[in-house]
Amino acid sequence: MLRGLLLLAGFLLLRVEGQQPNNLPSNGVQLYLPYEDRIIPDYSMIYASQFYDIDQNNDVNDTNDALWCQSANNVTNIGVWYYPNRTEVPLFDGPFDDPSAPRPVYSKRFSGQIALARRGGLSGYEGLYKCIIPDENGVNQTLVVGAYTDTGYNNNDGPDADPTMQFFLLSASRLATPPVFSLSFNVSGGPPTTVSCSVNGNGISTELSRVIVNGSGSVTRVTVTVRLREAGNYQCTVSNDGVTNGPISGNSGPNAVNSTSSFDISISDTPTGLTATRLSTGLAHVRLSWSPVSGATGYEVYYQLFSNTPVSVSNTSNTTINITSSLSQGNTYTFYVVSYGSASLPSGNASVMLTISHQVADFMATVITASTIILTWSPPTAVVPNNYNINRRCRRVCESSFTSNNETSVSSPHTSTGIPPYSQCDFDLIGVYEDDMVAFNASTVTTSFTASTAPVDDILFSSVESVSMTVSWDEVPCNGRNGPITGYYLTYTNITSNTSYTVNITGGDNRMYNLTGLIPYTNYTVSIKPYNYNMNGPARQEIQLTPESIPGLISDLIQTNAALTEISISWNPPTIPNGIITVYEIRYRESTSTGPGPYNITNTTNTYYSIVGLIPNTSYTIGVRAYTSIGPGEWTNELFSTNEIASISNFTLVHLNSTTVQMNWLPIPGASYYIIYYSSEFDDDSMNVSNETNEVIIPELYSCLSYSFEMSVTIEVNEIYYEGPRTVPTVSGSTDTMTTALTVSTTVLVNNGGSITGWIVSVTVLASLLAVSIIIILVLVVYIKRTNINQKRKSDNDILMECSPAYATTEFKTNTADDAPVKDGPTYNTVQQTQSTVESVYDTTWPKTTTSPAEYEILTEEFKFPVKMLRALLLLVGFLLLRVEGQQPNNLPSNGIQLYLPYADRIITDYSIIYASQFYDIDRNNDVNDINDALWCQSANNSTDIGVWYYPNGTEVPLIDGSLPDPTAPRPVYSKRLSGQIALARRYGLSGYEGLYKCIIPDENGVNQTLVVGAYTDTGYNNNDGPDADPTMQFSLLSTSRLATPPVFSLSFNVSDGPPTTVSCSVNGNGISTELSPVRAEWGFVSGASHYTVYYESTSSSSRKKRQVETGMRVFPGGTTEGLIGGLDPNLNYLFSISTSFNVNGIIYEGKKTQPILPASSTTFSYSVDTTAMPTVVNSGENIWWIIGAAVLVSLLAILIIVILIVMMYIKRTNNNTKRQSDNDIVMEYSPAYATTELKTNTTDDILMKDSPAYNAVQQTQSTVDLVCDDDEYETPLPPPST
């Protein structure tokens, strides 16, 4: 067994499959036999032992010894092998040595070649195998090989050719030189590997073609193509490889021999005596004659014009031929005749030349009119026709179609009639012969022109505007034109004024004219008259109404009536209405208003109007303009005024008694109420009086005071009350009738100092308020102290009471513990009530005696309260001093915008994330520069009142006008504008307000820019794990053309849970440059533009939350026609428009915006120029030092007042500590009741008095005490006080 296995292994090792050859041709196709290692020619002959399906000879290259059909076309799966019976050899995909492969042969494809592999004997499969394979040009080529068994190869004695060849003339013409012919014969008994031919024993060059006729007999049809004119014996010899190789080595057999096929070819003689003559049957008829050729079976006749290809006329066996067609006069022809036999080559050619000349001369038009033409000609000299015909074809010059007319049997001269004016006619002179009609000559003539007989076609009006229109018209119809139109007379007439203007328009093709300087809304007659040189045609006219335009100015605007709250006006319609006046627009505003507005607007269809609801005694600027359907005209403005509120007339003042006056006046119609003003040196007061009376009594005045009285009337307009002028002040005691005067004053507040001014004003106001508060507290302390001192005196001291006759029965007591026993008595309540109603007593005289100051007393509860208030105020001041406000940053960018975080002292990037402990509304970190630690949105545009902050939900963050910090500001955040920046200030926690805050602020070019920051609580910031992006992006092609190089496209996705501070992109792991959220805008170039401004506005809300409408703009240089707009929200849709700006003498003028459009793949914006200058904003701080000086002065003045009051309190306190002298009397002047009046302190003596009968009388007296003024200047001696 082991020995058997070793033998089997040896056999398998010996049976090597082998591999494909690597010797493909560089061009064309070939047959390769690896077993012999040689390229074999087409139609070779091999035997079975020369090809296999393995590497039979085990060569060094291990090449498989199949028969390979190879091509320079190195592609896979090409080529097909066919059996000798023309069926395909099976194609096998397995390995060469696969035992399942077909028998006896199969094919296998490789790159650029296909193998014919043998794995069995060829018995029954011998013959010609054919391979069809494409070459490097893709053109199929055929290769043939004869494959036989070894025995069949040894027994083959060579190919067998037919003894006689077949002749066939291939030339397209017998005139060909040399002639081309073929010789064909069949070959059997083996492939014809080589074919060689000769004539008369001399080798000749041929073109070989071999085609397998059938498979079973392996017959090959051999055809050789010969290009030669030579008579004689033609022979072709065929052979194959067996001729040289002989039988297989070691085998006996015959040697292969050659085989020959032959054919004899003769050449016919060339004809002689060829002549060409003209016939009388036709002008171009020719007869050819020649001598006969011996042995010729036929003749072929040709004619040739110039150097063109000869044309065969006919094949004939005769020696004469008439040519009556295809020839024409005026040409020279060459005629050829060739003879030929049944089995021979054609002869050489015989040739002759003939010229067929023109026969008619001087065919012309001698007389031409608008409708007739006279023709003349000379008869032919060589061949005279029997008669003449004339073919006429005429068309008007302005037409394209002809009208034909044939006139027969005419003679020279001939008159052709009935031709339209200005027509072009072609005349053909035809000679009539016996068998032919010949066109001798042609002539083209144009008839004369006359005046047009038809007007122009339709008159058309286009671009009809109020002052211009374009007139165009169609040509004069061709059938009425009668000649070339050289111009038009255009006449247009104003029907209203019967005014006409005529314009001469030269050139028949100029059929359009622009009429200008027309009057709007006017009928015009337009007449067009064509002319032909100096001949005018009929006119056509049409009527056209010009459209309306804006009207002219109205006239005679006057005020027809005036009242307190109403102005009536009238006017006349415009003298130039330019259309139908549809309405009049009226605007009005107070004449003191400045700037562009606002106006109140109303309208009417009348030429009069009453404006109501006005302010009395006010001047108004009133304008009126007219409207047509086109729009408004210019304003006509006038200054009119409402009536003054009537002043109070016949105002009288009557003293009824020492404390009461009566006022009378004439009533004012329409009054709402009256106001009485009265004042003294101590107070001012006023009272309103009903409009239903014209008198009023004013009681309870102080007789010892002098009063001034004024009066005004108030009326109500639209729920607003307006007060008239006051009367001239009248001093009490006068009964003169008073007149009134009206004074109007206007207060203007101007602030022009920037942010520093705001700080100074704030500090000044705070210091002033603090100073005033301290002054009020100190005054209150002094007042309370004085009151306590006057009430708390030492016992038995009398109190000075001036001007009081009730003193003897009046007693004031302080509450002490002695009062307790009587609080339950019946008189207690009465005494208390009396004390509560005692009124003030005023002393109008100067004291006559000197009294020492009251004794100092311990502070009462009333005095302690102001001290506590002062202490609280000082604590508040201390708190405010500790709570440092901080100032605005001074680091505005030099260009563009930025976000600044002072708490961290750094510029943060767009879409950054911060936490609450990083921004406040004060200077939290108390830095060196005292910068407020808000979040600042800053711009290089250093102007005031710019910028807006938005909450994460899209609503605006509240804006305050107060200072930073402001305890009344909204929570948790608010915004504050300063020069070139806006603060986002936090005064509470961010819980519930976390998210993306957006700031919109204009840059130095006035273009709104957007910055975003994510603000979170400290906890939210710490718990944030970074932004979350959608896993998949959305693709959109942005290029306006797919030819764009490189293409532009966008990739969009949503990001949540934090701001996307940075966005970096890559492709296949390599970083790329991108633009965030761009939109490409394209527009047409405008010459001279300084720049373009693209505006955008969002049109829809986000799908996730409602957002604020977002607007902005971008500015691009004047030399560009496109630009990218970035920073847009990908969740919003936007509308875009554009305007063009021009720089004229250093001033920028911006034109109108285009209509907003949605972005598309390609957008071009249109524009128009509006000559409105852009406003210039100026911020000046030249008055800042005046404000600083005023602030310092006010502060110093407040400090001075505080110091003076403190010194006064100290002196007062020192004087009060001085002990009064005991038993000193208090002087009472002008009081006879002194002897019976005693003011006591509360002692035990009061208890007895309260039980006396006189107590009630005393209490009653106290309750009825009135203010009494004593004007007596003389002293009255006083009795000594009682003891």
Side-chain angles (χ1 to χ4, degrees), residues 10-21 23 30-70 81-85 89-90 92 95-108 110 113-131 143-159 189-194 215 218 239-257:
F11 172 76
L12 294 175
L13 290 173
L14 289 174
R15 182 175 174 83
V16 181
E17 174 183 351
Q19 59 184 356
Q20 69 189 72
N23 62 334
Q30 66 184 18
L31 289 169
Y32 176 55
L33 192 64
Y35 189 81
E36 298 290 340
D37 191 22
R38 64 189 177 93
I39 306 299
I40 63 175
D42 193 17
Y43 279 88
S44 289
M45 183 175 180
I46 65 175
Y47 48 92
S49 298
Q50 288 180 312
F51 70 106
Y52 304 87
D53 63 344
I54 60 172
D55 181 12
Q56 182 69 28
N57 60 6
N58 195 21
D59 61 281
V60 292
N61 295 323
D62 294 330
T63 303
N64 186 285
D65 290 326
L67 174 61
W68 295 88
C69 181
Q70 300 176 315
W81 277 104
Y82 291 91
Y83 285 114
N85 63 0
V89 174
F92 185 63
F96 274 114
D97 57 354
D98 193 330
S100 64
R103 289 174 178 266
V105 293
Y106 60 91
S107 61
K108 184 171 178 61
F110 292 87
Q113 52 192 332
I114 182 171
L116 181 64
R118 183 183 64 81
R119 63 183 305 266
L122 292 181
S123 179
Y125 291 88
E126 296 175 292
L128 300 182
Y129 284 79
K130 178 172 63 175
C131 171
L143 294 173
V144 177
V145 65
Y148 300 88
T149 63
D150 292 1
T151 302
Y153 183 89
N154 282 327
N155 295 334
N156 188 283
D157 60 353
T193 308
T194 59
S218 296
S239 63
N240 57 31
D241 289 351
V243 175
T244 57
N245 293 339
I248 299 173
S249 177
N251 294 301
S252 62
N255 289 324
V257 297

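None of these values were measured; they are calculated from a predicted model.
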Separation between CD1 (I40) and CG (L33), nearest 0.5 Å, reads 5.5 Å

Rounded to the nearest 0.5 Å, what's the gap from CD on Q50 to CG on D150? Could you check? 8.0 Å

How long is the straight-line distance from CD of Q113 back to CG of N23, given to the nearest 0.5 Å? 7.0 Å

Going by atom types only, do S100 and D98 share a side-chain donor-acceptor pair under 3.5 Å? yes

Less than 4.5 Å apart, any side-chain heavy atom of W81 and any of L67? yes

Considering non-hydrogen atoms only, spot the tightest contact between P84 and E126 and give its length. CG-O, 3.6 Å

Is the shortest side-chain heavy-atom distance between Q56 and P34 below 4.5 Å? no

Determine whether Y129 and Y83 make a side-chain contact, defined as any pair of heavy atoms from C-beta on separated by less than 4.5 Å. yes

Under 6.0 Å between the ring centres of F96 and F110? yes

Closest heavy-atom pair, D42 versus V144, reported as atoms and distance to 0.1 Å, is OD1-N, 2.6 Å

Heavy-atom nearest pair, T193 first then P41, reads CG2-CG, 4.1 Å

Check for a donor-acceptor pair, side chain of S107 on one end and backbone N or O of A115 on the other, with a separation under 3.5 Å. no

With no hydrogens and no angle check, is any side-chain donor or acceptor of D62 less than 3.5 Å from a backbone partner on D55? no

Distance col, row Y148:OH vs Y153:OH, nearest 0.5 angstrom, shows 10.5 Å

Minimum-distance pair of heavy atoms, taken over all atoms of S44 and P191: O-CG, 3.5 Å

Here the gap from L128 atom CG to M45 atom CE, rounded to the nearest 0.5 Å, amounts to 9.5 Å

Mind listing the closest non-hydrogen atom pair of A117 and A66 along with its distance? CA-CB, 4.0 Å

Side chain Y106, main chain R103, donor-acceptor under 3.5 Å: no

Which atom pair, heavy atoms only, marks the closest approach of D53 to N64? O-ND2, 2.9 Å

Are D59 and D37 packed together at the side-chain level, in the sense that at least one heavy-atom pair is separated by less than 4.5 angstrom? no

Decide yes or no for V145 and F51: does some side-chain heavy atom of the first lie under 4.5 Å from some side-chain heavy atom of the second? no

Quick one: pull up CD in Q19 and OG1 in T63 and give me the separation to the nearest 0.5 Å. 6.0 Å

Would you call N240 and Y43 a side-chain contact if the rule is heavy atoms closer than 4.5 Å? no

Has Y125 got more than 12 heavy atoms of other residues, nucleotides or ligands less than 6.0 Å from its OH? no

